[in-house]
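Working notes, structure below.
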There are 2 protein chains.
Amino acid sequence: MIQPRPRTIPEATVARLAVYLRVLTGLADGGRTTVSSGELASAAGVNPAGLRKDLSHLGSCGVRGVGYDVRALRERIARVLGAERSRPCVLVGIGNLGTALADYAGFGSRGFHFVGLFDASPARVGHTIGGLTVQPMEELETAVTATDASIGVIATPADVAQQVCDRLVEAGVRSILNFAPATLTAPAGVDVRPVDLSVELQVLAFLGQQRAVPAAEVTA
Amino acid sequence: MIQPRPRTIPEATVARLAVYLRVLTGLADGGRTTVSSGELASAAGVNPAGLRKDLSHLGSCGVRGVGYDVRALRERIARVLGAERSRPCVLVGIGNLGTALADYAGFGSRGFHFVGLFDASPARVGHTIGGLTVQPMEELETAVTATDASIGVIATPADVAQQVCDRLVEAGVRSILNFAPATLTAPAGVDVRPVDLSVELQVLAFLGQQRAVPAAEVTA
DNA sequence: AGCCGCTTGTGAACGCAGGAACAAAGTCGC
DNA sequence: GCGACTTTGTTCCTGCGTTCACAAGCGGCT
Ligand SMILES: NC(=O)c1ccc[n+]([C@@H]2O[C@H](COP(=O)([O-])OP(=O)(O)OC[C@H]3O[C@@H](n4cnc5c(N)ncnc54)[C@H](O)[C@@H]3O)[C@@H](O)[C@H]2O)c1
Ligand SMILES: NC(=O)c1ccc[n+]([C@@H]2O[C@H](COP(=O)([O-])OP(=O)(O)OC[C@H]3O[C@@H](n4cnc5c(N)ncnc54)[C@H](O)[C@@H]3O)[C@@H](O)[C@H]2O)c1
């Protein structure tokens, strides 16, 4: 039993660790060397106790009475998240959204870089975005194999998203981020993470509507 | 006690309701009139029992032995979510991402439309995107008041996101969708929903990495 | 008209996440 | 060198979300 640390980290904790990592990087750039859980929690918008519980999943790294060493904690989280080396990603569907993603410089500093851009439209193929040239879909499989891309991003229309997903899986991609408003099915062992902006807006709208209703509740 | 239905719907349920709504719209367009919970659940990628529990939050709407009437259920969900009439939104930061959002036709069919586009850069102001002209930041407050915009979307760089948030709140916006990688603070009564794509990628990367590790676990 | 099969809706159990409180531990001041 | 204060790490507990399982209800068939 060399590993007393439980292998399983809750997914909600993982998402927060990524936020802590971003905040810590900002603090380090600002010259801070140590930070307390309360300070870090308020900067990340979470509860201090919850933050300490999250950090406890990766072993004691703080000093009682002082706080956490910013650089050491950042290193620790980066190692757990596997953010030490940059991961190669491929992007399919270079339309409005896909172009913005391909052009986004922020992914590089967070451990991700695109190694391939693909589109079915001849009008898009050949354009250069963020230093990469858009390739036709025929080259998807060979490019994924050659670059050993680990993450695929889908930004195509919804009606072809499943086909694109299948081709990515077939090519060996095991992690997929899907922006198309469609529910994708993939075999076991493949993670598909949907990002549906309309759903986010609808949740916001519902919360706002519910906030307005309770006042009229007493009138019933 | 005229309202036997509990006023509180779990947020996780609300997000799934939005997905059901999308799936139901697709089914209705395909000509389907009824659908069973199992079918709808598999199309939405959730557990059938969970789907029924979600729907139970808005009262019985199904017919035992038959299933749900597609149109009626869609109407019911749309009413609960407040998606019957389109909600006016303002978008701040018309860069790469903001342009894609402003140009996106899909929001209209999901109950949202932009009534104002704003940017601080003179190079952006005056451009027309999706039928709207980009306005300077000075006009934000008056435009929000005039259009009674209920939702604000932030697509500016992270270092000015908090200022933009403050101005939106000051102008009367009570729901904010934030794409900038920054933790925003807002007064009580204002909902801020972050969408951090880097975090999504990092969660994917972690899950993929964890999937690969267990095989080597026995070697320790 | 009565029975059968199918599907919904709900009740209970389980597991998990979140929050508060407390003990351990280390540092700073004297 | 010692005491007190600060902050972490953990433990307990409460509440929520999810899943399973079953009884109730309705349509269709005979
Ligand atoms: N633009 C947004 O702000 C936004 C917001 C929310 C969701 N989305 C979703 O993201 C996806 C992309 O949106 P968009 O606005 O960029 O659309 P878009 O039409 O501008 O771009 C789609 C791109 O996919 C390409 N494409 C079409 N079929 C393809 C195929 N079979 N294989 C590969 N590429 C193919 C097209 O050539 C086009 O370049 C859509 O599913 C949309 O619903 C977009
Ligand atoms: N582009 C992407 O794919 C992507 C992905 C993830 C996150 N983001 C985030 O979304 C935000 C926007 O990204 P982008 O790629 O569109 O950046 P961008 O630089 O292309 O656009 C930013 C826009 O905001 C405007 N702006 C700057 N300061 C402003 C202010 N004070 N008030 C109003 N407008 C102001 C700029 O003029 C510019 O047009 C950034 O925070 C980025 O980190 C973008």
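Just so you know, these numbers come straight off a predicted model, no measurement behind them.
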*Under 4.0 angstrom, heavy atoms only, what part of the nucleic acid is B/G67 near: base, sugar-phosphate, or nothing?*
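Answer is sugar-phosphate: B/G67 comes under 4.0 Å of backbone atoms only.
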Write down the distance between [atom1] ([X]) and [atom2] ([N]), rounded to a whole number of angstrom.
| X | N | atom1 | atom2 | result |
| --- | --- | --- | --- | --- |
| A/D69 | D/dT7 | CG | P | 16 Å |
| A/D54 | D/dT10 | CG | P | 13 Å |
| B/L73 | C/dT7 | CG | P | 16 Å |
| A/L55 | D/dT8 | CG | C1' | 10 Å |
| B/L51 | C/dT10 | CG | P | 14 Å |
| B/L40 | C/dG9 | CG | C1' | 15 Å |
| A/I9 | C/dA17 | CD1 | P | 12 Å |
| A/E39 | D/dT7 | CD | P | 9 Å |

Counting only side-chain nitrogens and oxygens, does [X] get under 4.0 Å of the OP1 or OP2 atom of [N]?
| X | N | value |
| --- | --- | --- |
| B/Y68 | C/dG9 | yes |
| B/S37 | C/dT7 | no |
| A/R16 | C/dG18 | yes |

Contacts under 3.5 Å, N or O only, protein and nucleotides 20-24 of chain C:
unit_1: C/dA20; atom_1: OP2; unit_2: A/N47; atom_2: ND2; d: 3.3
unit_1: C/dA24; atom_1: N3; unit_2: A/R64; atom_2: NH1; d: 2.7

*asked:* From C-beta outward on B/V66, which listed nucleotide comes closest to its side chain: D/dG27, C/dG26, D/dT10?
replied: D/dG27
*asked:* Nearest to the side chain of A/A12, heavy atoms from C-beta on, is which of D/dT8, D/dT18, C/dG18?
replied: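 Comparing D/dT8, D/dT18, C/dG18 against the side chain of A/A12, the answer is C/dG18.
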Main-chain N/O of [Y] paired to [X] side chain as donor or acceptor, under 3.5 Å:
| X | Y | answer |
| --- | --- | --- |
| B/R193 | A/E200 | no |
| B/R174 | A/G208 | no |
| A/Q209 | B/V80 | yes |

_So A/Y68 and A/L55, do their side chains get closer than 4.5 Å, heavy atoms only?_
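A/L55 reaches A/Y68 side chain to side chain.
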*Any side-chain heavy-atom pair from B/L168 and B/V90 closer than 4.5 angstrom?*
yes
*Given the rule in the side chain to side chain donor-acceptor pair (under 3.5 Å) test, do A/T25 and A/R110 qualify, once you have shown the distances and angles that lead to the verdict?*
CA-CA 10 Å; A/T25 302; A/R110 304 282 285 278; over 6 Å; no
*So A/R52 and A/S37, side chain to side chain donor-acceptor pair (under 3.5 Å) or not? Walk me through it.*
CA-CA 7 Å; A/R52 291 200 294 274; A/S37 67; 3.0 Å; yes
